[in-house]
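Atoms considered below: every heavy atom in the structure, side chains included; atoms not considered: hydrogens, waters and symmetry mates. For this chain, numbers begin at 1 and follow the sequence in order.
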Amino acid sequence: MVLNKDTEDFQISEFLKVIAKRKYTVISCVVVFVMLATLISYRMKPVYKSTIQILIEREAPKAVKLQPSFPTGGAADFDFYKTQYELLKSRSLAKNVIQRLGLENRLRAKKEDFKGISYYKFRQWIEDKMIEFGVREKPNSEDVNEDVNKDPYTFLVDRFLGNLQINPIRGSRLVNISYLDHSPSWAAEIVNSIAEIFILKKIELKSSQEAGIGDWLEARIVESKEQLARTEKILADFKESKKLTSIDERRIIANQKLTSTNSEIGNIRSQIVQKETFKDQLESRQDEPIKLMLDLPDDVQNTNVRSLNREYQDLEKQFSEQSKKLGPKHPNIVSLAQKLKGLEERIPPAIDGMLSSIEIDLQSLKTRERSLLRRQVEQRKGVIVLDKDVLRFNSLSRDVESDRRMYEVLLQRQKETDIESKQTDSNVRIVDAAEVPISHVEPNITLNIGLSFGLGTFFGIFLAFFLESLDRTLRTEDDVDGQIPFLNLGSISKFDKSEGDLPSKHNVDSPRVEEFRMLRTNLINSSPGNPKKVLMMASATPKEGKSTLASNLALAMAHLGKRVLILDADLRRSRIHSIFNIQSEPGLAEAIFGKRPLNECIHSSGIENVSILPRGEPTVNMVDILTSLKFKSLISYLRDNYDLVIVDVPPVLNVSDSSTISKLCDGILFVIKAGENDARVSKKALKQLVISTVGGSTQSSSLGRRNLEKQEESTAQHKILGVVLNMVDYKKGKAYDYYDKYYGAEYVYSPRAMTQSTKKV
């Protein structure tokens with residue numbers, strides 16, 4: 001089978017076919033991998049795993065909690081615990097454990113530790129070969145000396161950390177610490193020592209930190225005390241120089257005076273605006289003094305104007321009342337008119353006097369305003385100076401208070417540190433101590449076998465497809481369709497010994513006979529408009545079953561009532577006469593050389609409508625028979641007197657006889673033995689036949705086609721009708737299954753005989 005040769009998509013059926021075809025390859029790979037895994041697993045030295053569980057808190061539990069806790073949650077917790085996990089894997093901790101337990105000898109590589117293949121030996125061998133072939137430079141003596149002088153614990157710590165496992169439990173503060181060792185007791189002791197040393201190092205680190213903190217606090221307290229004394233002295237000196245004993249009262253009084261002055265200035269300015277507005281009104285209406293006097297409100301009139309106003313209104317009222325009763329020349333009316341006139345003459349001087357009085361008031365108010373503004377400036381300067389002193393005083397007071405609080409905090413922290421230094425609790429506690437393991441964890445034989453089974457299956461499938469991609473042997477019809485650019489006319493299964501060479505001798509309904517019938521039908525349908533009367537049976541190499549196939553095909557054609565002649569033109573290795581159990585003489589040789597008449601050379605096969613022209617008596621010049629004119633005339637004669645002439649010829653690649661005979665035939669049926677020939681061998685033979693029939697100009701185009709339409713076009717140029725896959729190695733193929741289900745018959749094949757059990761439908 002060839003994948004993706006003439007189809008674009010890979011079908012799952014093709015995959016399964018390849019697996020079924022190469023099943024022994026896959027099984028062999030699986031068996032080898034499983035056996036190797038089992039052997040290696042049983043040869044490996046068992047490894048034991050011991051685990052201790054510890055609890056890591058952010059803070060150690062305290063009898064007296066003197067300071068607030070650290071922030072928890074989110075990134076703070078993640079960073080903290082990530083740091084703890086890295087500390088557990090630190091090289092310093094590993095070195096302490098090695099030195100405490102004396103693990104130097106256990107961690108050094110020993111010969112008895114490596115049964116079988118040694119990784120270090122293999123690595124050293126690879127490095128030596130790389131140096132030998134020039135891939136890698138040989139290290140100089142200085143580098144070697146440097147390696148020798150390295151810390152001897154470097155390698156030991158690397159091996160120790162390689163056996164150490166830190167596994168935090170998700171969603172908790174618990175951590176599992178595991179160690180792998182060949183000894184179960186040592187594994188438990190080592191992992192317990194890791195936890196104990198880790199706790200001790202935490203306590204030592206805390207003690208050293210607190211001791212350093214105590215020294216630092218003591219120095220800071222002395223500095224803070226001195227700073228507090230300096231700031232207190234500066235504050236006292238400032239208060240004394242500024243006499244700020246009653247600074248708050250002075251500041252309040254100064255602010256009250258400034259506020260009072262501001263209020264008085266505002267009132268005066270309001271009065272000035274009112275006076276100026278009133279003055280403007282009087283000046284604008286001086287030309288009508290009487291009306292102006294009457295319109296002025298009482299509260300803005302002076303005494304003189306107010307008296308004139310009342311007197312004028314009274315006279316005017318009397319004059320109006322008397323005028324209604326008395327005539328204009330009445331003495332009373334005349335007297336009142338004279339009084340009104342005299343009064344009107346007195347009003348303008350009164351208005352002018354009022355304006356003069358307003359002007360005097362304005363001058364007085366403005367003088368008062370200027371005096372108040374000068375006082376306001378002086379008061380503001382005093383307040384500003386006083387505020388500066390207050391600010392300086394407050395600043396110095398804050399400095400003193402800040403230094404005092406710092407001093408008190410440092411004293412408090414020193415006391416807390418003294419108390420905490422006496423507490424030896426750690427934030428790490430052992431939850432479950434490590435126990436001596438009972439069973440080993442490595443090698444996990446079940447897991448190794450399972451993995452080897454999967455890996456072997458994968459590698460076996462890969463190898464199967466790799467071999468399939470290299471394999472060009474034609475075994476199935478799919479292989480023929482994918483690699484041979486000619487029409488596939490069918491396939492014939494491999495004969496059982498009990499069937500003989502002529503299973504088609506009796507026209508019975510059997511899968512074997514049905515194969516030849518299908519071949520017969522496909523052959524007839526390959527050229528329905530131009531039936532071929534001379535058919536050559538060709539093959540690339542010997543023993544591909546073309547003689548047997550030609551004989552059974554002749555019988556299948558004879559069953560249709562056609563007169564068929566089998567011409568044995570394989571002059572070197574004739575087999576037709578033995579298949580039909582007849583004499584090989586006289587035959588073709590006698591007919592060509594004229595030793596015997598043709599009718600005497602043609603033998604009866606014992607089967608109706610089937611005649612045989614065997615090879616004849618072997619002679620020295622038998623090769624000249626096929627190139628003679630008599631042979632050409634014989635073919636013409638047989639074409640005219642028989643419905644079908646089947647010519648059996650030698651293999652195409654062995655001798656040139658088939659190429660000579662192909663020119664005289666109407667069609668060529670190419671036989672391929674399943675599972676024997678490479679596709680390239682068959683293509684080479686087909687190419688030779690194409691050259692012999694149509695010439696070399698069209699050989700590449702006809703052999704290069706992959707699709708059926710182009711194959712049909714090329715069929716008109718050459719004589720190759722198609723190919724037949726012979727001797728397919730299966731006992732009951734798809735054709736048999738279909739035949740049995742459709743016709744209701746079962747056929748049982750055995751090495752001795754073929755029996756038939758028919759069920760009539």
Side-chain angles (χ1 to χ4, degrees), residues 527 530-539 546-547 550-551 553-554 557 562-577 582-605 610-670 685-699 716-721:
S527 56
N530 183 21
K532 310 300 181 183
K533 301 195 68 176
V534 180
L535 180 64
M536 186 179 82
M537 303 293 293
S539 65
K546 63 179 181 353
S547 299
S551 302
L553 180 60
M557 289 292 187
K562 295 181 179 292
R563 295 177 65 250
V564 183
L565 173 72
I566 303 177
L567 173 58
D568 190 354
D570 190 351
L571 304 180
R572 293 171 175 79
R573 194 171 182 178
S574 177
R575 192 169 177 272
I576 295 295
H577 65 281
I582 61 174
Q583 296 294 326
S584 63
E585 303 172 5
L588 178 61
E590 288 79 3
I592 295 298
F593 293 124
K595 295 180 180 181
R596 302 286 290 272
L598 179 60
N599 58 352
E600 294 182 6
C601 297
I602 297 176
H603 299 258
S604 174
S605 65
V610 179
S611 300
I612 308 296
L613 180 56
R615 177 188 62 179
E617 182 183 4
T619 60
V620 178
N621 55 350
M622 288 201 65
V623 179
D624 298 333
I625 293 176
L626 302 178
T627 59
S628 64
L629 294 176
K630 289 185 178 182
F631 182 76
K632 183 176 181 180
S633 300
L634 175 63
I635 295 296
S636 299
Y637 173 79
L638 296 176
R639 180 185 287 110
D640 295 337
N641 289 275
Y642 288 90
D643 296 327
L644 178 64
V645 178
I646 300 178
V647 183
D648 186 18
V649 298
V652 176
L653 298 180
N654 288 21
V655 293
S656 61
D657 296 355
S658 57
S659 299
T660 303
I661 300 173
S662 64
K663 300 177 182 180
L664 306 176
C665 299
D666 299 333
I668 302 173
L669 188 62
F670 191 81
L686 288 167
K687 178 180 179 181
Q688 183 65 32
L689 292 175
V690 172
I691 294 174
S692 64
T693 55
V694 300
S697 60
T698 60
Q699 58 182 334
Q717 300 176 5
H718 55 72
K719 296 181 179 181
I720 300 176
L721 303 179

Separation of [Y] [atom2] from [X] [atom1] (nearest 0.5 Å):
X: Ile576; Y: Ser551; atom1: CD1; atom2: OG; answer: 4.0 Å
X: Asp568; Y: His577; atom1: CG; atom2: NE2; answer: 8.0 Å
X: Met557; Y: Leu565; atom1: CE; atom2: CG; answer: 14.0 Å
X: Thr627; Y: Ile661; atom1: OG1; atom2: CD1; answer: 10.5 Å
X: Ile668; Y: Leu721; atom1: CD1; atom2: CG; answer: 8.0 Å
X: Ile592; Y: Ser633; atom1: CD1; atom2: OG; answer: 8.0 Å

Could you report the tightest heavy-atom contact between [X] and [Y], atom names first, then the distance?
X: Cys601; Y: Leu613; result: O-CD1, 3.5 Å
X: Lys663; Y: Lys719; result: O-NZ, 2.8 Å
X: Ile602; Y: Ser611; result: CG2-CB, 3.8 Å
X: Tyr642; Y: Val564; result: CD2-C, 4.2 Å
X: Ala538; Y: Leu689; result: CB-CD1, 4.2 Å

Does the distance from a Lys or Arg side-chain N to an Asp or Glu carboxylate O, for Asp648 and Lys546, drop under 4.0 Å?
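Salt bridge flag = yes for Lys546 with Asp648.
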Heavy atoms, side chains only, cut-off 4.5 Å: are [X] and [Y] in contact?
X: Pro650; Y: Leu571; result: no
X: Leu567; Y: Ile635; result: yes
X: Leu598; Y: Leu634; result: yes
X: Ile612; Y: Ser605; result: yes
X: Asp657; Y: Val649; result: no

Ignoring hydrogens and angles, tell me if any N or O in the side chain of [X] forms a donor-acceptor pair with the backbone of [Y] under 3.5 Å.
X: Glu590; Y: Glu617; result: yes
X: Arg615; Y: Ser584; result: no
X: Asp666; Y: Val534; result: yes

Name of the residue among Met537, Lys533, Arg639, Met536 meeting side-chain contact (heavy atoms from CB on, under 4.5 Å) with Cys665:
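Going through the options one by one, the only one that passes is Met536.
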Could you walk me through whether Phe631 and Thr660 pass the side-chain contact (heavy atoms from CB on, under 4.5 Å) check?
CA-CA 11 Å; Phe631 182 76; Thr660 303; over 6 Å; no
